[in-house]
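Chain naming here is simple, since letters A, B, ... match the order of the sequence lines and numbering starts at 1 in each.
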Amino acid sequence: MLTVKDLVKYFPVTGGVFKRKVADVHAVDGVSFSVARGETLGLVGESGCGKTTLGRTLAALYEATSGSVRFDGTDLTFLNEKELKPFRRRIQMVFQDPFESLNSRHSVGSIIEEPLVIHRIGDGPSRRKRVAELLDMVGLPRSAESRFPHEFSGGQRQRIGIARAIALSPECLICDEPVSALDVSIQSQIINLLLDLQEEMGLTTLFIAHDLAVVRLISDHVAVMYLGKIVEQTDADTIYKNPLHPYTQALISAIPIPVPGAVSNRIILEGDVPSPIHPPSGCRFHTRCSHVMDICRTTEPEFLDQGDGHLVACHLYENPKSVPPAARG
Amino acid sequence: MAADVRQIEDPILSVQGLTVAFDTEAGPVRAVEKVGFTLIKGRTLGIVGESGCGKSVTALSIMRLLPQPMSRIEGGQVVLDGIDLVALPAESMQTIRGASVAMIFQEPMSALNPVHTLYKQISEPLRIHRPELSKGELKREVIRLLTDVGIPDAEGRLSAYPHQLSGGMRQRVMIAMALALSPAILIADEPTTALDVTVQAQILDLIRRIQTNSGMSVIFITHDLGVIAEQCDDVVVMYAGKVVERAGASTLFADPKHPYTQGLLASMPRLDAPRKTRLATISGQVPGLMDLPPGCRFQNRCPHVMERCRSEVPEEVTVGEAHQVACHLYDMIGGSGKGC
């Protein structure tokens with residue numbers, strides 16, 4: 001359904017009197033993956049790893065620097081705005097911040113109706129019927145239609161954002177941290193709503209989040225990003241039970257477990273994520289990796305299948321004779 | 001009585017009946033009402049609750065840092081070493097703040113001054129509270145503090161500005177500042193919420209190490225139950241400005257009594273739960289502080305709601321060793337509480 005190949009997105013860094021380009025932010029630097037129809041790919045990584053940029057590039061909100069995004073067989077990266085429009089209808093996005101992504105001057109009804117108007121679907125009465133239907137689907141009262149976003153709580157606003165995203169019955173939904181701004185008891189309501197909608201509408205979903213427990217719950221496959229690259233990808237259970245990449249291992253071991261006294265074998269990473277303007281040579285994780293070898297500093301590891309579609313980019317696994325480090329420390 | 005065991009365990013800070021009011025356009029609102037808990041020396045007390053439950057207001061009240069003039073402490077006591085901080089004049093509070101009780105905040109970028117160097121900011125509490133230090137001693141002390149919180153090349157960073165540091169490093173600088181006067185109590189208000197999990201792990205580890213070395217007592221405010229389980233000995237659960245449950249951390253997670261605590265624990269996504277299953281939810285939303293219902297504040301979302309809950313405010317009752325809950329399910333004489 002969605003196939004991404006060698007996708008690159010750089011942002012220019014300008015400087016000096018003439019605002020000349022002095023460097024690039026390597027936000028997404030050669031990412032490939034595919035999502036089958038009706039499946040959910042969870043994309044995890046820490047701030048600045050490029051997961052939001054990747055999502056926005058897929059939704060054609062950013063233009064890719066190079067590489068291809070094939071949606072249902074068509075390469076979106078070559079299309080102009082006019083050719084892109086029918087695809088925008090099929091790929092929709094849910095944003096993180098339900099406070100900033102809704103126009104505060106528009107009523108909830110007109111926010112949800114807007115995509116229908118833009119894509120010239122139906123007439124006035126049929127659109128209003130659709131808005132009422134959408135409000136039901138996301139669990140908001142019909143009376144919400146004439147009210148404004150500020151009258152709603154964070155969780156309800158996220159429901160409005162979801163109603164807008166599904167208004168055009170898209171086939172593909174890109175959710176960028178849809179629950180991270182919400183409280184736990186509200187977060188679970190929204191996750192359940194997304195699971196219901198996925199099932200009802202057969203949505204193909206890219207679910208971007210930093211909360212690994214949420215991602216695991218909702219995804220079929222999980223890809224882990226670090227500094228603009230995917231370092232590991234496999235199905236959602238395997239990534240937690242048998243993480244191979246040292247970064248994934250550290251990330252998973254860092255999740256606080258809600259059982260007192262359960263912490264064991266935590267891998268604490270040293271230092272911070274390096275700057276994406278000058279990413280480290282070789283493997284980008286080598287500056288913080290506890291298993292670092294000479295080859296890691298010079299040569300970029302290949303993204304290789306370790307069996308059953310478990311892909312990992314790490315020199316530890318390139319030589320079949322090398323002994324993989326035990327999972328979770 | 002079992003509940004009194006903890007009283008003997010050397011309480012360092014005790015909050016009783018704390019009520020804080022904020023003035024709003026629609027009149028005064030009580031953000032925190034009759035909140036009480038005890039911090040035991042050398043232990044970590046977690047305050048957990050969702051946005052707007054009053055956990056940060058409680059922390060700011062202890063520090064007497066409530067925004068002025070729109071808010072005030074209407075009643076209650078905050079007793080530290082036998083002194084009621086609420087009754088203390090503002091000038092005397094300055095000798096307590098930083099020296100006895102220090103605080104770190106969620107967003108280190110807004111808590112640090114962007115136009116001052118690290119040296120200037122970290123040396124400030126030392127210059128005020130320990131004027132006897134010479135310039136050289138001051139510098140050595142700042143370098144020691146920065147090294148202690150794990151800032152590499154501390155000497156070289158003295159002239160750096162906050163924007164030159166990452167989020168995790170800024171939080172370390174905040175901790176260094178808070179520790180400058182070796183306070184007996186550290187109040188940490190969501191110190192890792194803005195950080196990534198791997199950096200959060202570093203900061204939690206740092207706070208634990210400092211505590212082991214110095215015997216400092218910590219009040220840890222967070223909305224993350226995972227962080228509570230890892231970091232805290234005792235837990236206070238707050239909902240809509242009230243304490244609904246207090247217990248030791250292992251008791252709270254193993255045997256939560258209040259329907260809100262039970263709902264909160266059940267609605268967390270867990271790594272060991274089957275995938276694609278629906279999470280338990282707490283239906284509805286937190287009532288606004290402007291239109292709180294009479295009786296229990298959780299009544300509109302509670303699966304066990306009874307007639308009494310709509311009219312009578314539940315009082316805290318002891319349900320186990322050092323385990324208190326404010327719920328009508330447990331305050332019936334001879335009645336056995338039903339939980340999920």
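- Contact of A:Leu269 with chain B is made through backbone and side chain together, with heavy-atom distances under 4.5 Å.
- Between the side chain of B:Gln299 and the backbone N or O of B:Cys296, at least one donor-acceptor pair lies under 3.5 Å.
- The aromatic rings of A:His150 and A:Phe148 sit parallel, their planes meeting at an angle under 30°, below the 60° perpendicular limit.
- With a 4.5 Å cut-off on non-hydrogen atoms, B:Pro152 does not touch chain A at all.
- With chain A as the partner, the residue from B:Gly168, B:Ala273, B:Gly288, B:Cys232 showing the most heavy-atom pairs under 4.5 Å is B:Ala273.
- No other option in A:Val184, A:Thr40, A:Leu212 has as many heavy-atom pairs under 4.5 Å with chain B as A:Val184.
- Counting heavy-atom pairs under 4.5 Å between each of A:Leu182, A:Asp220, A:Ile186 and chain B puts A:Asp220 at the top.
- For A:Ile218, the part lying near chain B is the backbone, with the side chain staying farther off; criterion is any non-hydrogen pair under 4.5 Å.
- Taking the six-membered ring for Trp and the full ring otherwise, A:Phe285 and A:His245 have centroids separated by under 6.0 Å.
- With a 4.5 angstrom heavy-atom cutoff, B:Gln200 touches chain A only via side-chain atoms.
- More than 12 heavy atoms of other residues, nucleotides or ligands sit less than 6.0 Å from atom CD of B:Gln164.
- For A:Asp211, no part lies near chain B; criterion is any non-hydrogen pair under 4.5 Å.
- Heavy-atom pairs under 4.5 Å with chain A peak, among B:Gly263, B:Pro274, B:Ala201, at B:Ala201.
- A:Glu199 touches chain B through its side chain: at least one heavy atom from C-beta onward sits under 4.5 Å away, while N, CA, C and O do not.
- Summarising the geometry of A:Asp183 relative to B:Ser51, their closest heavy-atom pair is OD2-OG, 2.7 Å, with the distance given to 0.1 Å.
- Using modelled atom types and a 3.5 Å distance limit, the side chains of B:Thr193 and B:Gln106 yield no donor-acceptor pair.
- When heavy atoms are compared at a cutoff of 4.5 Å, B:Ser283 approaches chain A solely by way of its backbone atoms N, CA, C and O.
- Per-residue heavy-atom pair counts under 4.5 Å with chain B were compared for A:Ser185, A:Ala236, A:Ala250, and the maximum is reached by A:Ser185.
- Between B:Leu39 and B:Val218, the shortest heavy-atom distance links the atoms CD1-O, 3.5 Å.
- Below 30°, between 30° and 60°, or above 60°: for B:Tyr260 and B:Tyr239 the angle between ring planes is between 30° and 60°, a tilted geometry.
- The pair A:Arg216-A:Asp237 meets the salt-bridge criterion, with a side-chain N (NZ, NE, NH1 or NH2) lying under 4.0 Å from an Asp/Glu carboxylate O.
- Looking at B:Ala266, there are no atoms closer than 4.5 Å to chain A (heavy atoms on both sides), in backbone or side chain.
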